[in-house]
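What follows is a single structure, written as structure tokens, with notes after it.
Per chain, numbering begins at 1; letters A, B, ... match sequence-line order.
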Amino acid sequence: MKDGYYSIEQVFRIKAWDFASAGEASSQIKKILKQLGIDPALTRRVTIAAYEAEMNLIIHSVGGEMRLKVTPQSIIVTAEDRGPGIPDIALAMQEGYSTAPEIARELGFGAGMGLPNIKRCADRLNIQSSVGKGTLLEMYFDIKAG
Amino acid sequence: MKEYYHSVTLRKDKCRGCTNCIKRCPTEAIRVRDGKARIIAERCIDCGECIRVCPYHAKVAVTDPLSSIERFRYRIALPAPTLYGQFKDMVDPNAILIALKKIGFDYVYEVARGADYVTAFVKEALKDPQRKRPFISSACPAIVRLIQVRFPELIDNIVDVDSPMEIAAQLARMEFCEKCGVKPEDVGVFFITPCAAKMTSIRNPVGRKKSSVDGAISIQEIYGPLYNQLSKLKDEEVVQIASPFGVGWANSGGACASLGIDSYLAVDGIQNVIRVLEEIEDEKLTDLEYFEGLACPGGCVGGPLTVENGFVAKNRIRKLAEKARGKPVPEDALQAVAPKIQWRFSEKILPKPVMKLDDDIVEAMKKMETIKRIYETLPGLDCGSCGSPSCRTLAEDIVRGYASEMDCIFKLREKVKQLAQEMIVLSEKIPGGRKETERQE
């Protein structure tokens, strides 16, 4: 199955505190998936997870990039930043836990649902972080045949 | 033919091939080719944006002429509540209904009354906690079609109660036939419409097999004859029975107000509706119970087939609604009527994924890569001179095989420049050859 190896990639740069562009990467991702004819329910899950990851980069990181990779079998969205890193991942995964600063909360963000929401939407999740260096979040979604 | 019937069509002789309509179309359904606009039938949702924006009136909605009612022995008029706001001096809606009877209709039934029934049915549906939230109103046919094309994931959120027009048509026919003892097939039911998409939904309905309405006459067509009658009216019978809520459906927010719920959102103007549907799709509006999206600015009062300025008409409707004579539909009346009519969608609303590049995902991915590559070479001005609404869509059209790179005037200029340079190079070679021939002589 030679087509199985075909893939496309798109990279989006995300700046810290850039609320004016917030959501642009995830809405681009949604548009791409719709054009590729991905199942609407799956497109929705990917978009929601991508949006949360994008907001995390904007609110919590010093900046980074998001990457969309699509193969005929799967969709992989990664969010990678250059810091500051998450000290306690298990704690960050808990619903309602948030380290968002006041200014982000005033904008309606930082309810502590970002990572839990991502976990709910993604089929698999990989998160690595080291304080002072940065965080890598990989979200995997399976495309079911049919 | 049936699948792609559209009310919105082009009058080729009037089209100048400008870029106004291609830029405004919410589903990117129009291209200019060979100097004339062309509507891509699969994509068009009959919203009428192009009718509103065309400076040359080249975009029109095909509706039925008033004379078409003559093919029926008995005729019923179903005026949209928007009609009430079209006349100056705050004409009483009752007088407008009487005027309809003077110009050839045997019976009138207010679509606003149909809206009262829809309200009661939707209130029942809202009680079911199993249903997907937010409910999306099914009243605007352009928005229902927009969801099919651009938001297939939201199809299950559309309330499965049919439109006020369809419900009014059934009730009107039933009432009239019972009262006068005539056969239903001898009766023609005509919607008086501010809306192009309604015409389409009569010919090619979504959610039901066949419309109960036989034709649609535009407000613009009927305005003159009605206006003439209005001045001649004396004291007449009272036929206006819709409630203030039902009349209020002509305005954006009218349906929400009649439901009496807290958590609703009413948005008008198709681009605004798209923005909110994106948010609903991304689950950003989780506490929302009911969404009313209307394609036209201000609601149906801003419809492309109206006569009066939509904002003026909206204000008039607000004041006229207060004086409407009827009351909301009581519970027992609703229960009595429900089994006799088809008020719920009988057919499943299907997605129309016309935006996707290919049925095969690998092919779609390859096309997307090519689009990206072509797009990067285009100027990015979105000028529309090529006939596609943006550089991005031109790249898509090239890959889909509907356009070529030379449709871009900047690419063409580059090419001409390149050719001109090649010609200079060539022309410089000529003297050498000439000398050679001279020498031979």
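Remark: B:Glu49 engages B:Arg52 in a salt bridge, criterion side-chain N to carboxylate O under 4.0 Å. Between B:Arg131 and B:Asp160 there is a salt bridge, since at least one side-chain N of the basic residue sits less than 4.0 Å from a carboxylate O of the acidic one. A salt bridge links B:Arg33 with B:Asp397: the closest approach of a Lys/Arg side-chain nitrogen to an acidic carboxylate oxygen falls below 4.0 angstrom. Checked for salt-bridge contact, B:Lys23 and B:Asp382 miss the test: no charged N lies under 4.0 Å from a carboxylate O. Between B:Asp162 and B:Arg208, at least one side-chain N (NZ, or NE/NH1/NH2) sits under 4.0 Å from a carboxylate O, which counts as a salt bridge. Salt bridge present: A:Arg45 and A:Asp123 bring a charged side-chain N and a carboxylate O closer than 4.0 Å.
Chain A forms the most heavy-atom pairs under 4.5 Å with one residue out of B:Lys356, B:Glu281, B:Glu283, and that residue is B:Glu281. Note on A:Lys31, A:Lys30, A:Lys34: by heavy-atom pairs under 4.5 Å with chain B, the leading option is A:Lys30.
Contacts of A:Glu52 with chain B are absent, with no heavy-atom separation under 4.5 Å from either backbone or side chain. Both the backbone and the side chain of A:Ile32 come within contact range of chain B, with heavy atoms under 4.5 Å apart. Residue B:Lys372 touches chain A through its side chain alone, counting heavy-atom pairs closer than 4.5 Å. Neither the backbone nor the side chain of B:Glu363 has a heavy atom closer than 4.5 Å to any heavy atom of chain A. Only the side chain of B:Glu369 comes within less than 4.5 Å of a heavy atom in chain A; its backbone stays farther off. Looking at B:Met368, the atoms closer than 4.5 Å to chain A (heavy atoms on both sides) all sit in the side chain, from C-beta outward. Proximity to chain A is limited to the side chain of B:Leu154, based on heavy atoms less than 4.5 angstrom apart.
Side chain of B:Asp282 to backbone of B:Lys284: no donor-acceptor contact under 3.5 angstrom is found.
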